*Asks:* 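My questions will all concern the structure given below.
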Amino acid sequence: MSENSHDGDSTPAPAPDETPDNYAWIAPVISSVVTVPSGLLALLYGALSPMECGSCGGTVADRFHDSWTTAWTVLWIGLVLALIVLVATWALPHQLRYAARRVGLALAAPTTATVAFVAFMALVDWP
């Protein structure tokens, strides 16, 4: 029999780079379970943090408000970037050749949210 015959198999084998990944959903699910709650908690903390300077007055309140406004913007931008990375994790085709990219993006989403929160905390001039 020739090398190209399939011996009764009517469906050709998929190309090596198009092999389906049956476990492609695991990394995005874990990333979603970590990223979404941590992002929401970061937003909640950031939104409630102005209460820390509720009794402040004068220049302390002005410095805090100015720094909080900048930090709040940085937090929002960072969390939007984390959401974009999370969506990209889900959007990758479910093929084995994208497995490394999928895991990398799945790790990058919560990392981006964490970096955004740390930047928020560092930028605020706490009283």
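From a predicted model like this one, the values you see are computed outputs, not experimental measurements. As a basis for the values below, the full set of heavy atoms in this structure was taken, side chains included, without hydrogen atoms, waters or symmetry mates.
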*Asks:* With clusters defined by side-chain heavy atoms of hydrophobic residues (ILVMFWY) lying less than 4.5 Å apart, directly or transitively, does L75 cluster with F64?
*Replies:* yes
*Asks:* Between L79 and V36, is there a shared hydrophobic cluster once you connect ILVMFWY residues whose side-chain heavy atoms come closer than 4.5 Å?
*Replies:* no
*Asks:* Under 4.0 Å between a side-chain nitrogen and a carboxylate oxygen: does that hold for D21 and R102?
*Replies:* yes
*Asks:* Return yes if some donor-acceptor pair links the side-chain N/O of S31 with the main-chain N/O of A27 below 3.5 Å, else return no.
*Replies:* no
*Asks:* Do W68 and P50 have side chains that approach each other closer than 4.5 Å (heavy atoms only, starting at C-beta)?
*Replies:* yes
*Asks:* W90: what forms a side-chain hydrogen bond (donor to acceptor under 3.5 Å, both in side chains) with it, not counting sequence neighbours?
*Replies:* S32
*Asks:* I'd like to know if the side chain of S49 and the backbone of G46 have a donor-acceptor N/O pair within less than 3.5 Å.
*Replies:* yes
*Asks:* Assigning hydrophobic clusters by single linkage (Ile, Leu, Val, Met, Phe, Trp, Tyr; side-chain heavy-atom cutoff under 4.5 Å), is W76 placed with Y45?
*Replies:* yes
*Asks:* Give a yes or no answer on whether the side chain of S67 reaches the backbone of V124 with a donor-acceptor pair at less than 3.5 Å.
*Replies:* no
*Asks:* Ignoring hydrogens and geometry, is there a side-chain-to-backbone donor-acceptor pair from W126 to E52 under 3.5 Å?
*Replies:* no
*Asks:* Can you confirm whether I84 sits close enough to T112 that some side-chain heavy atom of one is under 4.5 Å from a side-chain heavy atom of the other?
*Replies:* no
*Asks:* What I'd like to find out is whether the side chain of F120 reaches to under 4.5 Å of the side chain of T73, using heavy atoms alone.
*Replies:* no
*Asks:* Does a side-chain heavy-atom distance below 4.5 Å link L81 with V85?
*Replies:* no
*Asks:* Just jot down the side chain to side chain contact (heavy atoms under 4.5 Å, CB included) partners of P93, sequence neighbours excluded, or say none.
*Replies:* Q95, Y98
*Asks:* Nearest heavy-atom pair of V34 and P110: which atoms, and what distance?
*Replies:* CG1-CB, 3.7 Å
